[in-house]
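Contents: one structure, followed by commentary.
Computed from a prediction, not measured in an experiment: that's the story for all the values here.
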Amino acid sequence: MITLAIRSAVSVPIEAETITPHALTGKRVSEIEALPVVQGNATARLGDFFQVSGDADGAVRLTGDCSRVKYIGKGMTDGRIEVDGDAGMHLGAEMRGGEIRVRGSVGDWAGAEMRGGLLRVAGNAGHLLGAAYRGSPKGMRGGTILVEGAAGNEVGCAMRRGLIAVGAAADFAGVMMLAGSIFVLGKLGIRPGAGMKRGTLVTVARDGDAPRLLPTFRFDCEYRPPWLPLYVRRLHELGFSVPPALAATPCRRYSGDFVETGKGEILVWTLA
């Protein structure tokens, strides 16, 4: 495993697209230190900011405060990245495979336009988790994102495929959603599913605290989705905490958004 220990706190963010298992595998420590990064409007060396050690075998570990290190794992296709702390914006953006595990929190645009792989965050996530970049027609197109804490606004914006599960979400979760599944197991902000065409947004209402849905969503029925136990089982296998009663509790199904096709759904479970 290659270990990248940040030398000191960084005031100007670093863009480090070279921190991927594929880019480091097979390289000597001196070659890894010479890889380019961008800080502000200048190009620098990875070794200027990180102390590099270990063997490049497809696994990468980052230590120290990396909250101002952007693009970690961008476009990665395989291997594993572990971040022992916080990570900056665009973590795992456009990744296609492999696994990223963050033991702290992450900035905005984590997993943006992700196409495969697994992204796990033990803390919180910023805005636009698994979202489309501005002007892009599609966001996340595959893979799995798990955030144990809370995520910011526009989780899964224009999501096309894949699974996102978060402990809580702010406003506009599932906005402009095209397909895929989003689970919000805690507090949900306003206007969930705004402009969604298809896809499923699952939320849990506790003690009568139901989400505030837009008037362009219509109540359909109360039922137990036959596919839900499969998702719950998969989340349990991945170590993501899901209320045990979720699979056996009837939900209220709402169709929308009828400003679009009306083929999306928001499922609301009420737990005591």
Among all residues two or more places apart in sequence or in another chain, which pass the salt bridge (charged side-chain N to carboxylate O under 4.0 Å, His left out) test with Arg212? none
With sequence neighbours left out, write down each residue that passes salt bridge (charged side-chain N to carboxylate O under 4.0 Å, His left out) with Asp48, or none if nothing qualifies.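 For Asp48 the salt bridge (charged side-chain N to carboxylate O under 4.0 Å, His left out) partners, ignoring immediate neighbours, are Arg45.
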With sequence neighbours excluded, give me every side chain to side chain donor-acceptor pair (under 3.5 Å) pair touching [range].
range	value
residues 49-60	none
residues 58-71	Arg61-Asp84, Asp65-Ser67
residues 35-44	none
residues 7-26	none

Atom pairs and distances, side-chain donor-acceptor, residues 92-101, under 3.5 Å, sequence neighbours left out:
| from | atom 1 | to | atom 2 | distance (Å) |
| --- | --- | --- | --- | --- |
| Glu99 | OE2 | Arg101 | NH2 | 3.3 |

Could you state whether [X] and [Y] fall into the same hydrophobic cluster, counting links through intermediate Ile, Leu, Val, Met, Phe, Trp or Tyr residues with side-chain heavy atoms under 4.5 angstrom apart?
X	Y	result
Leu62	Val10	yes
Val232	Phe240	yes
Leu267	Met159	no
Ile2	Ile6	yes
Val52	Leu24	yes

Hey, is the main chain of [Y] close enough, under 3.5 Å, to the side chain of [X] for a donor-acceptor pair?
X	Y	answer
Asp86	Ser105	yes
Arg120	Leu238	yes
Asp171	Asn153	no

Once you round to the nearest 0.5 Å, how far does [atom1] of [X] lie from [atom2] of [Y]?
X	Y	atom1	atom2	answer
Leu213	Arg252	CG	CZ	10.0 Å
Met89	Asp108	CE	CG	5.0 Å
Cys221	Arg253	SG	CZ	6.5 Å
Leu91	Leu129	CG	CG	10.0 Å

Set of residues satisfying side chain to side chain contact (heavy atoms under 4.5 Å, CB included) with respect to Ala16, sequence neighbours excluded: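 Ala16 satisfies side chain to side chain contact (heavy atoms under 4.5 Å, CB included) with Ile14, Ile19, Val37, Val69 once adjacent residues are dropped.
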Will you find, in the side chains of Arg134 and Ser136, an N or O donor that is under 3.5 Å from an N or O acceptor? no
For residues Glu148 and Ser241, is any side-chain donor paired with an opposing acceptor at under 3.5 Å?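 Distance-only check fails for Glu148 and Ser241.
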Is there a side-chain contact between Tyr254 and Arg218 (heavy atoms, below 4.5 Å)? no
Is there a side-chain contact between Phe217 and Ser255, using heavy atoms and a 4.5 Å cut-off?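 Sidechains of Ser255 and Phe217: no contact.
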Quiz: residues 139-146 side-chain donor-acceptor pairs under 3.5 angstrom, not counting sequence neighbours:
| from | atom 1 | to | atom 2 | distance (Å) |
| --- | --- | --- | --- | --- |
| Arg141 | NE | Gly139 | O | 3.4 |
| Arg141 | NH2 | Lys138 | O | 3.4 |

Summary of ring pair (Phe, Tyr, Trp, His ring centres under 6.0 Å) pairs that have at least one residue in residues 122-164, sequence neighbours excluded: His90-Tyr133, Trp109-Tyr133
Residues 181-203 side chain polar contacts: donor-acceptor under 3.5 Å, at least two apart:
| from | atom 1 | to | atom 2 | distance (Å) |
| --- | --- | --- | --- | --- |
| Ser181 | OG | Tyr231 | OH | 3.4 |
| Thr200 | OG1 | Glu265 | OE2 | 2.7 |

Assess whether side chain to side chain contact (heavy atoms under 4.5 Å, CB included) is satisfied between Cys251 and Tyr223, documenting all intermediate values. CA-CA 6 Å; Cys251 72; Tyr223 81 127; 3.9 Å; yes
Sequence neighbours excluded, which residues qualify as side chain to side chain donor-acceptor pair (under 3.5 Å) partners of Thr216?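 Listed in chain order: Asp257.
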Taking all non-hydrogen atoms of both residues into account, name the closest pair between [X] and [Y] and its distance.
X	Y	value
Ala151	Val166	CB-CG1, 4.1 Å
Ala169	Val155	CB-CG2, 4.2 Å
Val102	Gly85	CG1-O, 3.2 Å

For Arg103, does the CZ atom have more than 12 heavy-atom neighbours from other residues, nucleotides or ligands under 6.0 Å away?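 Buried by this count: over 12 neighbours within 6.0 Å.
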Run the salt-bridge test on Glu82 and Arg80 with the 4.0 Å N-O cut-off and return the result as yes or no. yes
